[in-house]
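For reference, the structure discussed in these notes is given below.
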Amino acid sequence: MNPAIQSLAAQRALEAAAAAQGMGLMRRAACAAADKVRALLPEPAPVTVLAGPGNNGGDALHLACELVRAGYPVTVVSPAPQQGDEAVAARARWDEISGHTDRELPAAAGALVVDGLFGIGLARAPSAPWDALIRAVNASDVPVLALDAPSGLDATRGTAPGEAIRARHTLTFLCLKAGLLTGDGPGLTGALEVAPLDVPPAMWPEAEGELNRPLLAPLARKANSHKGSYGTVCVVGGSPGMLGAALLAGRAALSLGAGKVHLATLDARLAVDPCHPELMIAPHTPTLPTHEVCAIGPGLGQSGDARAALAAALAGDVSLVVDADALNLVAADPVLAERLARRQAPAVLTPHPAEAARLLGLSTAEVQADRVGAARALARRFGQTVVLKGAGTLIARADGFYRVNASGNAALAAAGQGDVLSGAIAALIAQHLPPFDAACLGVYLHGLTGDLYRARQGYMLGLAASQSAADLTDIANALLLIHERNTV
Ligand SMILES: NC(=O)C1=CN([C@@H]2O[C@H](COP(=O)(O)OP(=O)(O)OC[C@H]3O[C@@H](n4cnc5c(N)ncnc54)[C@H](O)[C@@H]3O)[C@@H](O)[C@H]2O)[C@@H](O)CC1
Ligand SMILES: [K+]
């Protein structure tokens, strides 16, 4: 799981704390970037370094000095003076070493262009002279290494207000940013790496203890246990014609270790899943079987029975995973929305962008234009954990803290995957993970089924949701084995 990020504000608070302790993060960033350049160009070759006006530019100028010391021929392009003490000092160091900077991209930009124009401080669409420089870089066929974020990209939203640098590689500092994993972010188009700069986790202001916590520790099995030790999941859904969705959620819950799984279906025709006789299937009745967590929504439909089942679930005190049509019913009915918002027992909402848009009264495009904002708004609105699915799935907590998932790929863009995810999260809650952790880990493991598929296949076509449901078992067991090895 990638390092947690609360917001760019948390990163800036950490940077300020580091500066106060004289940790010299900028020099560390430059050294990490120099290592990356050496990895890309093992032999010294001409490198063009673009230096912007802020600290991203400062990183780039220190990098230029490191590269000259390592014997690389370096051209610095800096069309405007640096602002801020750290960036000005970096420029002075460069002037000391070379004393020459260009204002435009050289005709022959060399073997690599390093983009240090803007990082997390981009405030608006780059204007002159920056936009012309970005266009010139994108027009050249020289590979680009972007520092912290491709210049011109909004590091939170993943959108580009103007034209953004198209980077083949991005080395981001301290932690991942939501915008690198969503929208047009490089996490989807290029190679993305994090350089943590050896900052101790405790320095993160609000994510303290969140970083690298072994989320899956509660899943470790104890010899002296029985099926009740691993909880009971009840899936409520499967209205006529949509049984598959409920079956997928039930299978995923079994695959990820729930002790028992009931399937309360709105279609009485389904009596048994021949592939999974362990699934206890019965027609839904207002008095549900006893269970710790209920995944409601897969194939639920929006009939009167469906609404009644949702109202009963909301009125209960079990943990809920609210997905698909259950979310649509909430979006369409203020009474249900109020019940969900007032509910004391935990719930995890798992909307895709269109379902989030309905819940927020926005268009899907507006949700996608600010995914972090949408996820946090929903989490605050309902006082619950929200999983905003899509490239760079976000898991937001009611207090605004959020995580970005870095696993998965377009193989998961297929029917039924949302049902699998809701069953997976339900299984983790049933095994006593707190809802936010269950959502983070469920999203992460589910994403890994896409990564596993691409590793096996070499590409991303044709992953069936039932395959993902089955693969959750192998992936979780492999990670638990590693966890146990590391904790002996
Ligand atoms: N301060 C620290 O401790 C660290 C800072 N780091 C670097 O510092 C960066 C953040 O530095 P800054 O906050 O200075 O911001 P940036 O370096 O991202 O640049 C923004 C600067 O350009 C100006 N600007 C923003 N949008 C503009 C536009 N469209 N046209 C023209 N000018 C524009 C801003 O006024 C600001 O001065 C990070 O991305 C990272 O690269 C890293 O070295 C990590 C440590
Ligand atoms: K940059």
Side-chain angles (χ1 to χ4, degrees), residues 4-10 154 156-159 177-179 181-183 206 210 293-298 300 302 310 313-314 319-405 417-419 421-422 424-426 429 434-444 446-447:
I5 43 175
Q6 167 85 16
S7 68
L8 297 188
D154 179 309
T156 295
R157 290 177 168 75
T159 52
K177 289 88 184 164
L181 289 161
T182 189
E206 286 144 54
E210 277 297 325
V293 54
C294 169
I296 185 162
L300 182 68
Q302 300 194 38
L310 177 56
L314 289 173
S319 299
L320 290 182
V321 178
V322 187
D323 186 36
D325 279 329
L327 292 171
N328 292 327
L329 283 167
V330 167
D333 184 328
V335 170
L336 292 178
E338 222 26 59
R339 276 200 198 155
L340 177 56
R342 292 183 184 287
R343 179 170 217 271
Q344 292 312 309
V348 175
L349 283 63
T350 57
H352 58 50
E355 289 156 347
R358 284 182 211 112
L359 285 163
L360 287 166
L362 298 173
S363 70
T364 303
E366 286 169 318
V367 166
Q368 290 296 81
D370 182 7
R371 288 171 49 85
V372 171
R376 297 174 87 179
L378 271 179
R380 196 170 39 250
R381 162 86 177 80
F382 290 104
Q384 299 287 5
T385 296
V386 168
V387 173
L388 178 56
K389 295 182 285 194
T393 291
L394 291 161
I395 305 99
R397 214 167 53 192
D399 67 357
F401 180 80
Y402 67 91
R403 276 184 169 232
V404 184
N405 179 54
Q417 290 293 5
D419 307 314
L421 177 61
S422 59
I425 294 172
I429 295 175
F436 181 72
D437 289 2
C440 290
L441 184 60
V443 164
Y444 181 59
H446 178 241

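These values consider heavy atoms only, across backbone and side chains, with no hydrogens, waters or symmetry-generated copies.
Closest of all the heavy-atom pairs between A178 and Y402 is CB-CE1, 4.2 Å. Contact record, P346 with P435: CB-CG, 3.4 Å, taken as the closest heavy-atom pair. Between A354 and T364, the shortest heavy-atom distance links the atoms CA-OG1, 3.5 Å. The two residues L360 and A377 have their closest heavy-atom pair at CD2-CB, 4.0 Å. I429 and S319 make their closest contact through CG2-CB, 3.8 Å (heavy atoms, listed as atom of the first residue, atom of the second, distance). Scanning both residues, A426 and A295, for their nearest heavy atoms gives CB-CB, 4.0 Å.
No side-chain heavy atom of V293 sits under 4.5 Å from any side-chain heavy atom of I425. With a 4.5 Å cut-off on side-chain heavy atoms, V322 and F382 do not count as touching. Side-chain contact between Q384 and V348: absent, with no pair of heavy atoms (C-beta onward) separated by less than 4.5 Å. Residues L388 and L378 form no side-chain contact, since every pair of their non-hydrogen atoms from C-beta on lies 4.5 Å or further apart. L340 places a side-chain heavy atom less than 4.5 Å from the side chain of L349. For the pair L359/R381, no side-chain contact is recorded, criterion being any heavy-atom separation below 4.5 Å from C-beta on. Contact of the L441 side chain with the V443 side chain is not registered, since no non-hydrogen atoms from C-beta on lie closer than 4.5 Å.
In this structure, CD on Q417 lies 11.0 Å from OG on S422, to the nearest 0.5 angstrom. Atom CG of L394 and atom CZ of R371 lie 5.0 Å apart (nearest 0.5 Å). Here the CD-CG distance, from Q368 to L362, works out to 11.5 Å after rounding to the nearest 0.5 Å. Note that CG of N328 is 12.0 Å distant from CG of L336, once rounded to the nearest 0.5 Å. Between L310 atom CG and D325 atom CG the span is 10.0 Å, to the nearest 0.5 Å. Atoms CD and OG1, from E355 and T350 in turn, are 7.0 Å apart once rounded to the nearest 0.5 Å.
For D419, there are no salt bridge (charged side-chain N to carboxylate O under 4.0 Å, His left out) partners two or more places apart in sequence or in a different chain.
A donor-acceptor pair under 3.5 Å is absent between the side-chain atoms of R339 and the main chain of R342, judged by distance alone. Under a 3.5 Å cut-off, the side chain of R403 and the backbone N or O of I395 do not form any donor-acceptor pair.
Of the charged side-chain nitrogens involved, at least one lies within less than 4.0 Å of a carboxylate oxygen, so that D323 and K389 count as a salt-bridged pair.
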**Message:** Go through it in stages, so that I can follow the logic: the residues are R343 and L320, the test is side chain to side chain contact (heavy atoms under 4.5 Å, CB included), and I'd like the CA-CA distance, side-chain angles, deciding distance and then a yes or no.
**Reply:** CA-CA 10 Å; R343 179 170 217 271; L320 290 182; 3.5 Å; yes
